[in-house]
Amino acid sequence: MSSVRVRFAPSPTGMLHVGGARTALFNWLFARHHSGTFILRVEDTDQQRNTPEANEAIFSGLTWLGLDWDEGPNRGGSHGPYRQSERTGIYERYLAKLQDSGATYSDESGAIRFRCPNSPRRIADLICGDTHFEQRSEPDMTVRRADGSFIFHFVNVVDDIEMGVTHVIRGEDHLSNTPRHLDLYEAFRVEPPRFAHIPLILNENGSKMSKRDEGASVAEYRAAGYHPTGVLNYLALLGWSPKEDREIFPLEELVTRFSLEGITRGNAKFSLEKCGWISGQYFHGMDPEPLREVLLPFLATAGLETPADQLPDALLLELRTKIRTLSDAVPLLLPLLVDVFPVEAAAAAKLASQGDPSPLLRALATSFAEESSWQPAGLEAAIGRAAERLGLKKGALMFPCRVALTGQSGGFGLTLVLERLGRERSLERLGRFP
RNA sequence: GACCCGUUCGUCUAGCGGUUAGGACACCGCCCUUUCACGGCAGUAACACGGGUUCGAUUCCCGUACGGGUCGCCA
């Protein structure tokens, strides 16, 4: 069995970064494409960061996106434990090997350092191609602190060896660290894995995406109600190309098409705009039932407890084309669900500029009052009758009616609004306005 | 500073010696439409620069410029 084993090895920083999410995605896609194993390993050697909340941020972020791991925390596996804080014994063993070979020494502070051979290294990177480091002048790296805790480069290599990792797919910021990792592999007399360094994600200003940038944390997308698969789809297209003039690739298709050859070389700037567009594409194609399922809890957290029957299929079918994120649905739905809603300043101003709307609204109310069935066709006709009596075109009544009923200049079809509101509330709003 | 990686529309990208340089987001116009959207159609917009190699370079090579990364007892 020479099956593929890859890993995503985040440090618990308190959030799952979009850059990390994309690294996880590429590893996950690579594993799934090759029917291999995707390992989640938590690099928590820095005790200060290692809090339950920080760990949870990683798990919930990956889970929300739909990236499941075959081995890792909360899952187990034959190569565990999967938290570095629980692997000290393994590190001690490997350190002893290094010490026996005379490759290390203790410095004045008591930390253990690895003598850097500074020998030329060649990396046959699967993405960057052959990369040569001929003139190295690196200091001896610390492998263990005086307090006994281990350093990233060391544990990273040891774990990759112990976990049988075959391909290291990680950010390009590690490319320059790779020669030192190769030093370690050589010292351990272990054949190194294949390396694939993916380009970085930059923020919209062109600098490295940092924790403080808008959209840096996966949790933000979840909170804003982005479609998780849409976010994944966007992330996949950021630095990887299926080489086809198409943007929407469902997860299964991503799996079959993914290959390291398709990964592009240059760093990519993140576009919240396009991410939103793709998210919208996923909502546009969503059936009413699953949409209702994700929408109801979202509305609840937004303070809009809504009975499921308030979101009938007809409404959701229209709603889905108007949203890119679930939060877009909140203002749209608000006037239909509660009686206190804001009136858009622009809508009010436009209405005022057209003269006193009161006669129009009264005429509408009169016509609506005559409607017994309260069905779309009849309501449409009622608007027509009101227009006729006023000697106006039907269109002239639509806008005032819309503003009186919803406070908005846009939104759902008017008859749908009237139908949802019902006779009583509709007449009440027409009479109450402004 | 040393070392490493990169450079096609504003952004994400296709291209792999000869193309009207294609697609997508955004933008703009039109159509559809009671509104906002959705959808459809059309448009503006790119090969960083300089040398080579070649009959011919966006494509290959070398420089320059610019951008990014690494050089930690962070990961």
Side-chain angles (χ1 to χ4, degrees), chain A residues 9-13 20 42-46 48-49 84 107 109-113 121 123 125 127-129 131-139 141-147 149-156 170-180 197 199-202 204 206-208 234 237-248 262 264-278 280-281 283-284 318-324 328 332 344 347 350 380 383-384 387 393-403 406 408-415 417:
Chain A
S11 169
T13 58
V42 179
E43 307 224 331
D44 56 355
T45 54
D46 184 350
Q48 293 175 345
R49 290 180 177 179
Q84 291 183 333
D107 68 12
S109 75
I112 297 176
R113 290 177 178 262
R121 294 288 176 196
I123 302 165
D125 195 276
I127 294 167
C128 301
T131 303
H132 302 263
F133 293 80
E134 302 293 350
Q135 288 156 304
R136 301 174 57 201
S137 56
E138 294 153 34
M141 70 172 147
T142 304
V143 295
R144 199 183 71 174
R145 302 182 185 91
D147 69 2
S149 61
F150 291 90
I151 299 296
F152 163 74
H153 300 290
F154 177 80
V155 295
N156 188 266
R170 68 200 342 179
E172 201 188 275
D173 47 344
H174 286 301
L175 183 57
S176 299
N177 289 327
T178 308
R180 281 184 284 168
H197 288 93
L200 269 21
I201 295 181
L202 309 178
E204 286 174 322
S207 50
K208 189 179 174 184
Y234 173 71
L237 259 28
L238 195 61
W240 173 76
S241 171
K243 303 189 191 297
E244 197 180 314
D245 291 344
R246 203 149 61 85
E247 314 295 315
I248 305 304
T264 54
R265 301 303 323 285
N267 294 339
K269 287 181 190 165
F270 191 91
S271 165
L272 206 52
E273 187 71 41
K274 183 153 184 180
C275 183
W277 178 80
I278 292 184
Q281 292 298 306
F283 283 122
H284 297 345
E318 203 170 314
L319 176 73
R320 68 179 187 180
T321 65
K322 297 178 190 296
I323 61 171
R324 290 181 163 198
D328 292 339
L332 241 23
E344 284 175 6
K350 182 177 172 189
E380 186 87 41
I383 297 173
K393 279 192 275 192
K394 205 165 71 170
L397 292 187
M398 294 292 194
F399 184 73
C401 183
R402 173 178 297 288
V403 176
T406 69
Q408 296 167 12
S409 56
F412 297 100
L414 245 193
T415 54
V417 172

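All chains are named by letter (A, B, ...) in the order of the sequence lines, taking the proteins before the strands, and each is independently numbered beginning at 1.
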Could you state the [atom1]-[atom2] distance from [X] to [N], rounded to the nearest angstrom?
| X | N | atom1 | atom2 | value |
| --- | --- | --- | --- | --- |
| A:Phe150 | B:C73 | CZ | P | 15 Å |
| A:Arg265 | B:C4 | CZ | C1' | 11 Å |
| A:Ile278 | B:U13 | CD1 | P | 12 Å |
| A:Lys274 | B:G23 | NZ | P | 13 Å |
| A:Ile201 | B:G68 | CD1 | P | 16 Å |
| A:Glu172 | B:C71 | CD | P | 14 Å |
| A:Lys208 | B:A75 | NZ | P | 14 Å |
| A:Glu138 | B:C4 | CD | C1' | 11 Å |

Which heavy atom in [X] sits nearest to a heavy atom in [Y], and how many Å separate them?
| X | Y | result |
| --- | --- | --- |
| A:Cys128 | A:Glu172 | SG-OE1, 4.5 Å |
| A:Gln84 | A:Thr45 | OE1-CG2, 3.3 Å |
| A:Leu397 | A:Ala387 | CD1-N, 3.5 Å |

May I ask you to evaluate whether [X] reaches the phosphate of [N], defined as a side-chain N or O under 4.0 Å from OP1 or OP2?
| X | N | result |
| --- | --- | --- |
| A:Arg113 | B:G72 | no |
| A:Lys322 | B:C36 | no |
| A:Ser176 | B:C5 | no |
| A:Thr264 | B:U13 | yes |
| A:Arg402 | B:U35 | no |
| A:Arg144 | B:C73 | no |
| A:Thr321 | B:C38 | no |
| A:Lys269 | B:U11 | yes |

Looking at every strand, decide which applies to [X] at a 4.0 Å heavy-atom threshold: base, sugar-phosphate, or nothing.
| X | value |
| --- | --- |
| A:Gly266 | sugar-phosphate |
| A:Ala111 | base |
| A:Phe152 | base |
| A:Arg121 | nothing |
| A:Arg324 | sugar-phosphate |
| A:Gln281 | sugar-phosphate |
| A:His153 | base |
| A:Phe412 | base |
| A:Gly413 | base |
| A:Asn267 | sugar-phosphate |
| A:Thr131 | sugar-phosphate |
| A:Asp107 | base |

If the [atom1] atom of [N] is compared with that of [M], how far apart are they to the nearest Å?
| N | M | atom1 | value |
| --- | --- | --- | --- |
| B:C4 | B:G50 | C1' | 24 Å |
| B:A14 | B:G22 | P | 15 Å |
| B:U70 | B:U13 | C1' | 27 Å |
| B:U8 | B:A48 | P | 6 Å |
| B:C9 | B:A45 | C1' | 5 Å |
| B:C49 | B:G10 | P | 13 Å |
| B:U53 | B:C66 | P | 28 Å |
| B:A21 | B:C16 | P | 14 Å |

By nearest atom, which of the nucleotides [options] is closest to the [X] side chain?
| X | options | result |
| --- | --- | --- |
| A:Glu273 | B:A26, B:U35, B:C73 | B:A26 |
| A:Pro139 | B:G23, B:C71, B:C73 | B:C71 |
| A:Ser241 | B:G68, B:A14, B:C4 | B:A14 |
| A:Lys243 | B:U34, B:G15, B:G23 | B:G15 |
| A:Leu414 | B:A75, B:C5, B:U34 | B:U34 |
| A:Trp277 | B:C4, B:C71, B:A26 | B:A26 |
| A:Glu43 | B:G23, B:C12, B:A75 | B:A75 |
| A:His174 | B:C3, B:C73, B:A75 | B:A75 |
| A:Arg145 | B:C12, B:C25, B:A75 | B:A75 |
| A:Leu175 | B:C5, B:G68, B:C73 | B:C5 |

For [N], give the paired nucleotide (Watson-Crick: N1-N3 plus N6-O4 or O6-N4; G-U: N1-O2 and O6-N3; both under 3.5 Å), or none.
| N | answer |
| --- | --- |
| B:A21 | none |
| B:A65 | B:U7 |
| B:C27 | B:G43 |
| B:U54 | none |
| B:A14 | none |
| B:G1 | B:C71 |

Check: [X] side chain, [Y] main-chain N or O, donor-acceptor pair, under 3.5 Å:
| X | Y | value |
| --- | --- | --- |
| A:Ser11 | A:Thr13 | no |
| A:Tyr234 | A:Phe270 | no |
| A:Lys322 | A:Gly411 | yes |
| A:Arg145 | A:Phe150 | yes |
| A:Asn267 | A:Pro199 | no |

query = Heavy-atom count around A:Glu244 CD within 6.0 Å, excluding the residue itself: above 12?
reply = yes

message = Using side-chain contact (heavy atoms from CB on, under 4.5 Å), reason through A:Glu273 and A:Arg324 one step at a time and then give a plain yes or no.
response = CA-CA 10 Å; A:Glu273 187 71 41; A:Arg324 290 181 163 198; 3.3 Å; yes

